[in-house]
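First the proteins, then the strands, lettered A, B, ... as listed; each starts at 1.
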Amino acid sequence: MRASRFHLATLKETPVDAEIISHQLMLRAGMIRRHAAGIYSWLPLGLRILRKVEQIIREEMDKAGALELLMPSFQPAELWQESGRWDQFGPELLRLQDRHHRDACIGPTHEEIVTDIFRREVNSYRQLPLNFYQIQTKFRDEIRPRFGVMRSREFIMKDAYSFDIDKDGMQHSYDVMDQAYINIFDRFGLDYRAVSADSGAIGGSTSQEFHVLADSGEDAIAFSEQGNFAANIETVEALPPETERVATSAEMQIVDTPGMYTIEDLANGLGVSAQQCMKTLIVEAEDGGLVALVLRGDHELNALKAERLDDVASPLRLAQREQITANLGSDIGSIGPIGLSLKTIVDHSAAVVGDFVCGANQDDKHFINANWGRDCEEPITADIRNVVNGDPSPVGTGRLKILRGIEVGHIFQLGQKYSESMQAAVLDEQGKGVAPFMGCYGIGVTRVVAAAIEQNHDEHGIIWPATLAPFQLAICPINYHKSEPVKQATDNLYQECLARGIEVLLDDRALRPGVIFSDMELIGIPHRIVLSERGVTAQQFEYKGRSDDSAQELPLDELPAFLDKLYSD
RNA sequence: CGGGGUGUAGCGCAGCCUGGUAGCGCAACUGCUUUGGGAGCAGUGGGACGGGAGUUCGAAUCUCUCCACCCCGACCA
């Protein structure tokens, strides 16, 4: 490809509304353009990368025996009513009517459609197992789309659905997909982790998420430094502390703490550690009242664990400020477990702290040297916090480490939820109708692209892994339009590359070298060859890998061998 | 949805407070010079200032209204 004939639409300035680095770089590199909130076009450069991701997925899915098909975005309401999700789904589901006032939606996922296909097409257990997949545009009407294509409303997803006659079959199909996903993510060339996850409302016993590791990731994942335990932090059990409660010493006292509302204020103001302070959260109870949850000041509440408690409303809702002041008589910031007239549940690790600091349930006052069992009743304890760095692994040995990740893949077992509700049955060996066991496997194709950038970039721009790069090689001639020797050497090299099937971008634009270099670095091409008059005269060319510190000069007659080596890697 | 903010040229912004008919940088186009890290000089084109209504002799500027977009929204208790 000649750059003069390609739509290279790089921007020197960063558009203001791009918050995260991948969004900024995708706009600056000219990969995407926005039309409305969460709605993007993919320009030719961006599409080349998207296609790379799709192709890798397609090859591995095919290899795993899945069959590609293509299902519609526009989906009739009847199917969603059959599965029960027409009413269950919130405003994320974009509903509309056609000219005949028939209800429909733009598909956020395709369980209903694929189940409809299955029940029409498949009658016998002999046709199983079966796995249909597609790479297709989805629409989810996010409340607040953000971060470019990372959380957009319209996006491309690979979704696959497996069908088996029984649970064992489903497990097998799931395992096959698990391996296919490992193959896919390996080929992406990204640093990722497969982690066990909450299977959510959809049900099913087994569920794994695939996260691309990046500091900017929205999810926290915990994994053991020994062994292969890895899980989304929201699912990880915090083991009860190994330490005993420290023996009590001083009497409890009440102190003035004006203006200290946060744990940080309190710890600084009183000269104690955050661990020594109790954080008391008031949430809505199952019966409509309120419940107090107490954590160590340096710990965070885990919403999933909390809402699983019998007394706590699910989903978890924090009490409104007015509700608290009306019921407890003190403002948020001065609430504590001592003398509190609410059901109180204390995290295991908070329950072993002695001589702690907590709100006194009077504005601007806290207790110090408070102790469980002495100054109030022995607490009811539970695991309600997120694990932190250094916590023991809940399975086996080792300590936990917390990393941040971007969820780009999710595989889980659906069971018979859709096949039963939509009456998709096949005949088994006895000629009896059986609802098949399904599995569901997604990869956010557009999100993979953003996640790759989020993980691989520097101050000059994107650094693509070779397998995702839009072009493998950039040829940068200096004075292509002025110097005949440079033009000749460049054209020769270009032909040489084309003959070898190398995806090459020849920057033949009449621009100054600095501009060319900056653009090629911004769009992240892994390899760069520079041809200058000086170099060509000396029978040399210059090579630099995108993340190399410096360039190297090599003899021109070694170029063909060099290309062979580069291309074979 | 609640709170905050922004809409002026393709992009980034100034002008608005204190009304008088729109400007800067980058980008684009033409010419000359320059050519190893986002060049210089000269010139050119492009915007009824988000839409509507109002106040006024006169509105980008003041008022009302609609729309679009951005940011924040449990770690504070």
Side-chain angles (χ1 to χ4, degrees), chain A residues 9-20 23-24 27-28 30 33-39 90-91 143-148 220 257 260-266 274 277-284 290-303 306-307 315-325 327-328 330-337 340 342 344 347 358-361 363 366 384-386 388 459-461 476-483 486 509-522 528 530-536 542 544 550-551 553:
Chain A
T10 54
L11 302 176
K12 214 188 273 186
E13 289 173 281
T14 305
V16 274
D17 48 2
E19 193 74 356
I20 58 168
H23 189 198
Q24 293 172 1
L27 289 168
R28 285 192 55 209
R33 293 289 186 253
R34 191 182 63 86
H35 300 285
I39 303 292
I143 319 168
R144 188 146 91 83
R146 60 189 130 175
F147 304 147
T257 51
M260 299 182 199
Y261 302 117
T262 67
I263 294 292
E264 199 186 350
D265 294 342
L266 203 57
C277 302
M278 290 298 128
K279 182 192 286 191
T280 310
L281 297 152
I282 309 297
V283 302
E284 290 185 21
L290 298 175
V291 177
L293 302 176
V294 179
L295 294 157
R296 232 167 65 182
D298 59 329
H299 285 156
E300 289 181 3
L301 180 68
N302 179 308
E307 66 193 24
L316 184 77
R317 285 184 301 275
L318 286 177
Q320 297 299 304
R321 193 190 185 115
E322 301 75 45
Q323 232 176 326
I324 292 173
T325 45
N327 278 278
L328 303 179
S330 65
D331 200 358
I332 60 175
S334 298
I335 297 186
L340 190 66
L342 289 180
T344 302
D347 185 67
C358 67
N361 301 312
D363 286 347
H366 281 79
I384 53 173
R385 70 175 173 95
N386 279 334
V388 296
E459 67 272 26
H460 301 296
C476 304
I478 294 174
N479 276 333
Y480 181 78
H481 295 273
K482 290 278 176 66
S483 163
V486 168
R509 298 175 298 173
L511 294 172
R512 297 169 67 84
V515 179
I516 291 177
F517 295 155
S518 301
D519 269 356
M520 293 304 113
E521 282 162 3
L522 175 60
R528 181 183 86 186
V530 178
L531 293 169
S532 66
E533 193 157 50
R534 189 188 68 209
V536 171
E542 177 194 298
K544 183 174 177 299
S550 55
E553 297 280 337

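Regarding A:Gln24, its CD atom lies at a distance of 15 Å from the P atom of B:rC70, rounded to whole Å. Summarising the geometry, the separation between CD1 on A:Ile516 and C1' on B:rA39 is reported as 13 Å, rounded to the nearest angstrom. The nearest whole Å value for the distance from the CG atom in A:Asn479 to the C1' atom in B:rU33 is 13 Å. The CZ atom of A:Arg146 sits 11 Å away from the P atom of B:rC70 (whole-angstrom rounding). Between the NZ atom of A:Lys544 and the C1' atom of B:rG36 there is a distance of 13 Å, rounded to whole Å. A:His481 has its NE2 atom 15 Å from the P atom of B:rG36, to the nearest Å. To the nearest angstrom, C1' of B:rG37 lies 14 Å from CZ of A:Arg509. Here the C1' atom of nucleotide B:rC11 and the NZ atom of A:Lys12 are 12 Å apart, to the nearest Å.
A:Leu301 places a side-chain heavy atom less than 4.5 Å from the side chain of A:Leu316.
Residue A:Arg28 is classed as a base contact, given a heavy-atom separation below 4.0 Å to a base. Residue A:Arg144 is classed as a base contact, given a heavy-atom separation below 4.0 Å to a base. Counting non-hydrogen atoms under 4.0 angstrom, A:Asp519 reaches a base of the nucleic acid. At the heavy-atom level, A:Ala292 lies nowhere under 4.0 Å from the strands shown. Within 4.0 Å (heavy atoms only), A:Glu264 reaches no atom of the nucleic acid at all. In this structure, A:Ile335 reaches the sugar-phosphate backbone alone: every heavy-atom distance under 4.0 Å involves primed, P, OP1 or OP2 atoms, never a base. Using a 4.0 Å heavy-atom cutoff across all strands shown, A:Val283 reaches no nucleic acid atom at all.
Nearest heavy atom pair, residue A:His481 against residue A:Arg509, reads NE2-C, 4.0 Å.
One finds a side-chain N or O of A:Arg512 lying less than 4.0 angstrom from the OP1 or OP2 phosphate oxygen of B:rA39.
Rounding to the nearest 0.5 Å gives a distance of 6.5 Å between CZ of A:Arg33 and CG of A:Leu27. Note that CD of A:Glu521 and CZ of A:Arg528 are 5.5 Å apart. Values are rounded to the nearest 0.5 Å.
Closest approach to the A:Glu300 side chain among B:rG38, B:rC75, B:rU35 is made by B:rC75 (side chain taken as heavy atoms from C-beta onward).
Across B:rC13 and B:rU6, the matching C1' atoms stand 13 Å from one another, rounded to whole Å. Nucleotides B:rA14 and B:rU61 have their C1' atoms positioned 13 Å apart, rounded to a whole Å.
In this structure, A:Leu281 and A:Val16 both approach RNA chain B, and ranking their closest nucleotides by distance from the 5' end singles out A:Val16.
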